[in-house]
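In this text, all values refer to a predicted model and were calculated from it rather than measured experimentally.
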Amino acid sequence: MSVKYEDLQYLESEKKSQGFTDDSKFQRDLATLRTTFSNFTSNTTAEVQALKSQGGSLQEMITSLKAEVESHKQELQAARSLNDKVLSLESSLENQLQELKAGYSEMLLRVQQLVKNLNSLTCKMAALKSNGSQNNCCPTSWLEHEGSCYWFSSSGKPWPEAEKYCQLEDAYLVVINSREEQDFVQAHIGSSYTWMGLSDLDGVWKWADGTDYETNFKNWKPGQPDDWQGHGLGGGEDCAHFHPDGKWNDDACQRPYHWICEAGLSKGS
């Protein structure tokens with residue numbers, strides 16, 4: 001508002017010089033104008049003070065935010081440094097783990113060889129004690145039956161790994177040649193699905209020891225083998241296993257089933 005107090009005084013003196021007759025009305029208007037001006041001045045002063053106060057608070061807030069941002073920067077730098085240390089530690093642990101795995105594999109091979117040597121020694125001692133009447137025997141933890149030795153696993157592996165395991169033991173996945181051998185094996189497999197040495201990986205069913213499939217004993221479940229493609233593991237069903245009831249079924253070779261190794265009695269000599 002551009003009206004000044006001096007202007008009000010000028011208006012009053014001007015009124016006197018001109019001889020206005022309506023003095024009381026003019027006095028009231030002048031008083032109202034003075035009051036309005038006084039209120040405007042007071043309000044303006046209060047608003048200016050409020051703005052100054054808010055400006056101070058805003059500056060304090062900006063200073064606080066700057067300090068908080070700086071603190072977060074330091075925390076982020078510390079977190080990055082910690083992450084680098086963690087990555088370095090993970091790399092070091094991975095290297096150590098690889099070394100341990102390599103050492104374990106070597107140790108496992110040595111233990112397996114020691115077990116073979118112990119089994120051979122046990123068999124030779126049995127032959128000496130029998131004065132030569134017992135020239136062959138099965139290793140410890142293997143079962144002897146009708147001139148063969150059988151080992152039943154307590155864990156699961158895919159068919160190719162189970163076959164490799166038996167080969168390392170100078171054996172092969174079990175081959176069933178008769179109802180009598182089928183009954184013996186069935187009595188020891190319990191409730192587990194168990195691999196046998198029968199597969200058609202190249203499209204023709206074959207036994208692991210070369211026994212002719214077509215003329216040999218068979219014990220398939222009704223409708224099997226069916227080479228089912230819907231199991232979601234890729235391909236069909238190329239490996240045979242025992243059901244807990246002893247019946248045979250073809251399945252995907254990747255499944256981790258129990259297995260049975262078979263070897264001749266000469267394995268222990």
Side-chain angles (χ1 to χ4, degrees), residues 71-123 138-143 149-175 185 188-202 206-209 228-244 249-263 267-268:
S71 175
H72 286 325
K73 284 183 178 179
Q74 295 176 359
E75 291 176 357
L76 181 59
Q77 291 175 350
R80 287 175 177 172
S81 176
L82 179 60
N83 184 61
D84 291 341
K85 291 180 180 179
V86 170
L87 291 176
S88 176
L89 179 59
E90 287 180 347
S91 177
S92 176
L93 289 175
E94 181 64 25
N95 292 334
Q96 294 179 25
L97 179 60
Q98 294 299 327
E99 293 175 0
L100 287 173
K101 285 182 177 179
Y104 173 77
S105 297
E106 182 179 355
M107 181 183 67
L108 181 60
L109 290 174
R110 291 183 178 181
V111 169
Q112 288 177 340
Q113 186 59 49
L114 286 173
V115 170
K116 290 181 180 179
N117 294 339
L118 177 60
N119 290 337
S120 177
L121 180 60
T122 301
C123 188
C138 291
T140 304
S141 75
W142 289 62
L143 298 179
C149 300
Y150 299 84
W151 182 85
F152 296 80
S153 78
S154 58
S155 60
K157 288 181 181 294
W159 193 94
E161 293 184 25
E163 180 187 37
K164 184 65 175 178
Y165 182 95
C166 293
Q167 290 174 351
L168 291 174
E169 294 293 325
D170 296 325
Y172 47 84
L173 283 171
V174 66
V175 175
V185 169
H188 291 86
I189 61 176
S191 60
S192 300
Y193 283 11
T194 306
W195 291 125
M196 67 179 74
L198 182 61
S199 65
D200 70 339
L201 297 171
D202 57 0
K206 296 178 180 179
W207 285 105
D209 68 344
W228 186 52
Q229 306 282 324
H231 45 68
L233 298 175
E237 296 178 320
D238 299 324
C239 297
H241 70 91
F242 298 99
H243 272 269
N249 177 57
D250 61 333
D251 206 339
C253 302
Q254 302 95 310
R255 297 195 187 279
Y257 291 160
H258 287 206
W259 73 95
I260 306 168
C261 294
E262 180 181 358
K267 171 181 171 57

Colleague: What's the separation between atom CD1 in Ile260 and atom OG in Ser153, rounded to the nearest 0.5 Å?
Modeller: 8.0 Å
Colleague: Could you report the tightest heavy-atom contact between His231 and Trp228, atom names first, then the distance?
Modeller: CD2-O, 3.2 Å
Colleague: Return the CG to SG distance between Leu143 and Cys149, rounded to the nearest 0.5 Å.
Modeller: 9.0 Å
Colleague: Could you tell me whether a side-chain N or O of Trp159 sits under 3.5 Å from a main-chain N or O of Met196, the two making a donor and an acceptor?
Modeller: yes
Colleague: Can you confirm whether or not the ring centre of Trp195 sits under 6.0 Å from the ring centre of Tyr165?
Modeller: no
Colleague: If you round to the nearest 0.5 Å, how far is CG of Asp200 from NZ of Lys206?
Modeller: 10.0 Å
Colleague: Got a donor-acceptor contact below 3.5 angstrom from the Ser192 side chain to the Gly190 backbone?
Modeller: no
Colleague: Which is it for Tyr193 and Asp251 under the side chain to side chain donor-acceptor pair (under 3.5 Å) test, yes or no, and what are the steps along the way?
Modeller: CA-CA 10 Å; Tyr193 283 11; Asp251 206 339; over 6 Å; no
Colleague: Angle between ring planes, His243 versus His241, binned at 30° and 60°: parallel, tilted or perpendicular?
Modeller: tilted
Colleague: Ignoring hydrogens and angles, tell me if any N or O in the side chain of Thr194 forms a donor-acceptor pair with the backbone of His258 under 3.5 Å.
Modeller: no
Colleague: Tell me if a side-chain donor or acceptor on Gln254 pairs with a main-chain N or O of Leu233 at a distance below 3.5 Å.
Modeller: yes
Colleague: Which heavy atom of Leu201 sits nearest a heavy atom of Cys253, and at what distance?
Modeller: CD2-SG, 3.8 Å
Colleague: I need the Ser88 OG to Leu93 CG distance, nearest 0.5 Å.
Modeller: 9.5 Å
Colleague: Supply the atom-to-atom distance Leu100 CG to Met107 CE, rounded to the nearest 0.5 angstrom.
Modeller: 10.0 Å
Colleague: Report yes if some heavy atom in the side chain of Leu76 is under 4.5 Å from a heavy atom in the side chain of Arg80; otherwise report no.
Modeller: yes
Colleague: CG/Asp209 to CG/Leu198 distance, rounded to the nearest 0.5 angstrom?
Modeller: 10.5 Å
Colleague: Exactly one of Tyr150, Phe152, Phe242, Trp151 should register a ring-ring contact (aromatic ring centres under 6.0 Å, His included) with His188. Which one does?
Modeller: Phe152
Colleague: Please report the closest heavy-atom contact between Val175 and Ala208, naming both atoms and the distance.
Modeller: CG2-N, 4.2 Å
Colleague: Would you name the heavy atoms of Trp259 and Ser155 that are closest together and state the gap between them?
Modeller: CZ3-O, 3.4 Å
Colleague: Which heavy atom in Ala171 sits nearest to a heavy atom in Ala263, and how many Å separate them?
Modeller: CB-CB, 3.8 Å
